Amino acid sequence: MKKKALSLLLASTMVVSLTACGGSGDSSASGDAQTSSGSSDAQTSSGSNSSSSGDASSDSSAASGEKADYHEVLADGLTIVVNGTVTATVDNGQAEFKKQWEDAVGIPLTIKQLDHSGYTDAVGRLFASQDYPDAMIMSAEMFKQYAPTGLLWDMKGAYDNAAFQERMTLPEINEGLVDKEGHLYAFAPTYGNGCVTYVKKAWLDACNINIDDIKTYDDYYNMLKAFHEGDPDGNGTSGDTYGVVAAGFLGNEAPYINYLPEFWQDAYPSLYQKDDGTWVDGFQEDATKQALLRLQKAYQEGAIDPESLTASTKIAREKWFSNDQTGSSGVFTYWAGKWYQNLTDYFIKNEVDAELVQIPPIQEIKDTVGGYLNREAPVWVIIDDGDGDNTREQAIFDALFETMLDGDVVQTLWVYGAEDVHWSVHAEEFTTNPGTDNAKDYSYEEGTFHLKPSPNDPNSVWKSNHLDPALIISPLTNGYDAQTELQAAGNKFFTENCVDAPASPVSETFTNETGTIFDAQLACITEVVTKGGDVDAAIETYKNTVGSIIDQCLAELNQ
């Protein structure tokens, strides 16, 4: 088929483009960045190995509005590819999650869990090998890059007729994914979420700083300098700590600036659409130059941890809550909601002062952007097997997405994990961190829903599996709710202080050249920030390197 050949060409081109950037792909998740390689029984192929999109108008049972029994259609099983947002990993109860899902849904399930930090690259390599799953998770930006290739199934009809429509509280999330031609190539079970800035209370106290006084960029920067020049960790040495640590000065996925928002402020260093509808390259704007100069100064003066240039999210996190705070930082901007609890728990586990405070967006952000950025929602997609018949794809939708939001048994698996492994309703008592000052006792009566200790860490109480209960578009109907006070406070804080991030561009050239563009941006940032180079000269080099590519992208977006 010509269509199949075209899809293979596009997918292969994207692999070269996406792997060239060496990106983490971490923006695809606000969950725990696990690095499991997949389930022990992960297969190397699935029932949908073709690379092309079938004809949505083909004569099939799905197209005619009839549904085949997914148990019969998927008797050979369902294969999914996931990242670290599925926190029930191989060493953290995935086998039990998988078995309970199979018992509830009635078909075999194969889970291929790829490395979270390199998910974008790993998916590109997977597609280049033509090892297609039935369905998989994508970040919003990944989805927009793959949507034009013909690899993804148009699920608009299936979505419109889904049973969970009656229970949805946030229908606009998926309505916004419908393209101009009326196609829906992705499904978002939650809204996007975003990052907020956390500060160590103990460091504030050590430097005699009142968090309520941090209102402007100057206030923020002076706090960072105090954390670097003073002795906030109390080890008797000044200058061996930093102000802020981040997983990269610039992200390789939208919304790009979410780990260092105070420095970027009103800059958006990627292609974005202005209020008048015109697409522009924000990296060439003066706002980006000013942001680079702010980063340059912070790097030179020790306000920012220099390892932030290349740090992954895992490295940045672990350095921040390490039990040895020498070389750590006082500030970390990271995901809201459940990560308020997660980060606190890591501090407790490492026996470090655990009190964290969230600071509202600084005035410069409020006056321009409006708040922290709420990213576009990550999505699930179904791979079109290219046979011109929608029966299998409809069955995948029914088995995976319909049950994922059933409000009860299967949705609970996706939200909280496996029963009696990650959560329980049986009488139970346990203690975390026994024998330490952080020891905490838990006691539950029979019939009370509660979370259990994590399978791979008995001193940490389980939080959730794939779907954050605070972000889901269709809530559970069984009354199960295990949000902690910190999780609830974190979600409330974010929703009160966020605005939607700019929409990601949809351009064939941008899809194919994303890696090249990011490499040029990173080279510019490295030259200015870490080497102290001239910002105008570095921007000119960027334009000379990828200017023609950017012009082509903008031409496609603005036509």
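One is the number of the first residue; the rest follow in order along the sequence. Here the structure is a predicted model, which is why all the values come from computation and not from measurement.
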Legend entry - pair Arg375-Asn258: side-chain heavy atoms closer than 4.5 Å: no
Legend entry - Phe332 CZ to Asp305 CG distance, which is reported to the nearest 0.5 Å: 11.0 Å
Inset, instruction - Tell me whether the centres of the aromatic rings in Tyr340 and Phe493 are closer together than 6.0 Å. - result: no
Legend entry - Leu343 backbone acceptor or donor facing Tyr334 side chain under 3.5 Å: no
Legend entry - Side-chain heavy-atom pair Phe127, Met136 within 4.5 angstrom cut-off: yes
Inset, instruction - Check whether any side-chain N or O of Trp264 sits under 3.5 Å from a backbone N or O of Phe249 as a donor-acceptor pair, and report yes or no. - result: yes
Legend entry - Shortest non-hydrogen contact from Asn323 toward Val352: CA-CG2, 3.7 Å
Inset, instruction - Would you please test Leu557 and Phe510 for side-chain contact (heavy atoms from CB on, under 4.5 Å) and show each step? - result: CA-CA 9 Å; Leu557 290 164; Phe510 185 74; 5.8 Å; no
Legend entry - Ser460 and Lys349, any side-chain heavy atoms less than 4.5 Å apart: no
Inset, instruction - Starting from the C-alpha separation in whole Å, work towards a yes-or-no answer on side-chain contact (heavy atoms from CB on, under 4.5 Å) for Cys553 and Leu271. - result: CA-CA 9 Å; Cys553 292; Leu271 306 189; 3.7 Å; yes
Legend entry - Pairing residues for Asn544 by the side chain to side chain donor-acceptor pair (under 3.5 Å) criterion, not counting sequence neighbours: none
Legend entry - With sequence neighbours excluded, residues passing salt bridge (Lys or Arg N to Asp or Glu O under 4.0 Å) with Asp534: none
Inset, instruction - With the side chain counted from C-beta on, respond yes when Leu292 and Ile525 share a heavy-atom pair under 4.5 Å apart, and no when they do not. - result: yes
Inset, instruction - Evaluate whether atom CD of Glu485 has more than 12 neighbouring non-hydrogen atoms of other residues, nucleotides or ligands under 6.0 angstrom away. - result: no
Legend entry - Contact check, side chains of Asn174 and Leu177, non-hydrogen atoms, under 4.5 Å: yes
Inset, instruction - Hey, could you give me the OG1/CD1 distance between Thr545 and Ile517, rounded to the nearest 0.5 Å? - result: 11.5 Å
Legend entry - side-chain hydrogen bond (donor to acceptor under 3.5 Å, both in side chains) evaluation trace for Asp219 with Thr216: CA-CA 5 Å; Asp219 298 333; Thr216 67; 3.1 Å; yes
Legend entry - Proximity of Trp335 and Phe494 rings by center, below 6.0 Å: no
Inset, instruction - Quick one: list whatever passes side chain to side chain donor-acceptor pair (under 3.5 Å) with Gln552, sequence neighbours left out. - result: Glu556
Legend entry - Which residues share a side-chain contact (heavy atoms from CB on, under 4.5 Å) with Glu496, sequence neighbours left out: Lys492
Legend entry - Of all pairs that satisfy ring pair (Phe, Tyr, Trp, His ring centres under 6.0 Å), the ones with a partner from residues 270-301, not counting sequence neighbours: Phe283-Tyr542
Inset, instruction - Verify, without hydrogens or angle tests, whether Gln296 (side chain) and Gly533 (backbone) share a donor-acceptor contact under 3.5 angstrom. - result: yes
Legend entry - Side chains of Asp276 and Thr278, donor plus acceptor under 3.5 Å: yes
Legend entry - Criterion ring-ring contact (aromatic ring centres under 6.0 Å, His included) on Tyr198 and Phe347, from CA distance to verdict: CA-CA 13 Å; Tyr198 299 98; Phe347 279 108; 9.8 Å; no
Inset, instruction - Taking the side chain as every heavy atom from C-beta outward, state whether Leu152 and Phe143 have any pair of such atoms under 4.5 Å apart. - result: yes
Legend entry - Derivation of the side-chain contact (heavy atoms from CB on, under 4.5 Å) call for Asp115 and Asp121: CA-CA 10 Å; Asp115 179 81; Asp121 297 349; over 6 Å; no
Inset, instruction - Check whether any side-chain N or O of Gln113 sits under 3.5 Å from a backbone N or O of Val86 as a donor-acceptor pair, and report yes or no. - result: yes
Legend entry - Shortest non-hydrogen contact between Leu467 and Pro189, atoms and distance: CD2-CG, 3.7 Å
Inset, instruction - Flag the pair Val331 / Glu262 as yes when at least one side-chain heavy-atom distance between them is below 4.5 Å, and no otherwise. - result: no
Inset, instruction - Please answer whether the main-chain N or O of Phe321 pairs with a side-chain N or O of Asn350 as donor and acceptor at a distance below 3.5 Å. - result: yes
Legend entry - Stepwise side-chain contact (heavy atoms from CB on, under 4.5 Å) check, Thr541 with Glu527: CA-CA 10 Å; Thr541 300; Glu527 176 64 27; over 6 Å; no
Legend entry - Closest contact, heavy atoms only, Thr190 versus Ala377: O-CB, 3.3 Å
Inset, instruction - For the pair Asn465 (side chain) and Ala88 (backbone), establish whether a donor and an acceptor sit closer than 3.5 Å, ignoring hydrogens and angles. - result: yes
Inset, instruction - Drop me the distance from Glu513's CD to Glu508's CD, to the nearest 0.5 angstrom. - result: 10.5 Å
Legend entry - Donor-acceptor side-chain pairing of Asn235 and Thr326 below 3.5 angstrom: yes
Inset, instruction - Flag the pair Pro475 / Thr169 as yes when at least one side-chain heavy-atom distance between them is below 4.5 Å, and no otherwise. - result: yes
Inset, instruction - Without swapping roles, check the side chain of Trp320 against the backbone of Ser329 for a donor-acceptor pair under 3.5 Å. - result: yes
Legend entry - For Ile359 against Tyr372, the heavy-atom pair lying closest together: O-OH, 2.6 Å
Legend entry - Side-chain donor-acceptor contact under 3.5 Å, Asp468 with Asn193: no
Inset, instruction - Give the minimum heavy-atom separation between Ile348 and Ala354, together with the two atoms involved. - result: CG1-CB, 3.6 Å
Legend entry - Backbone N/O of Tyr159 and side chain of Gln165: donor-acceptor pair under 3.5 Å: yes
Inset, instruction - Please report the closest heavy-atom contact between Asn374 and Gly194, naming both atoms and the distance. - result: OD1-N, 4.4 Å
Inset, instruction - Taking only Lys NZ, Arg NE, NH1 and NH2, and the carboxylate oxygens of Asp or Glu, determine whether Asp160 and Lys156 approach each other closer than 4.0 Å. - result: yes
Inset, instruction - Indicate yes or no for a side-chain donor-acceptor contact from Arg167 to the backbone of Ser474 under 3.5 Å, with no hydrogens or angles considered. - result: no
Legend entry - Sidechain-backbone polar pair: Lys463 side chain, Val461 backbone, donor-acceptor under 3.5 Å: yes
Inset, instruction - Not counting sequence neighbours, which residues clear salt bridge (Lys or Arg N to Asp or Glu O under 4.0 Å) with Lys200? List them please. - result: none
Legend entry - Salt-bridge criterion met for Lys144 and Glu141 (N-O under 4.0 Å): no
Inset, instruction - Measure centre to centre between the rings of Trp414 and Trp380, then say whether the value is under 6.0 Å. - result: yes
Inset, instruction - Identify the residue among Tyr242, Tyr221, Trp203 that makes a ring pair (Phe, Tyr, Trp, His ring centres under 6.0 Å) with Phe227. - result: Trp203
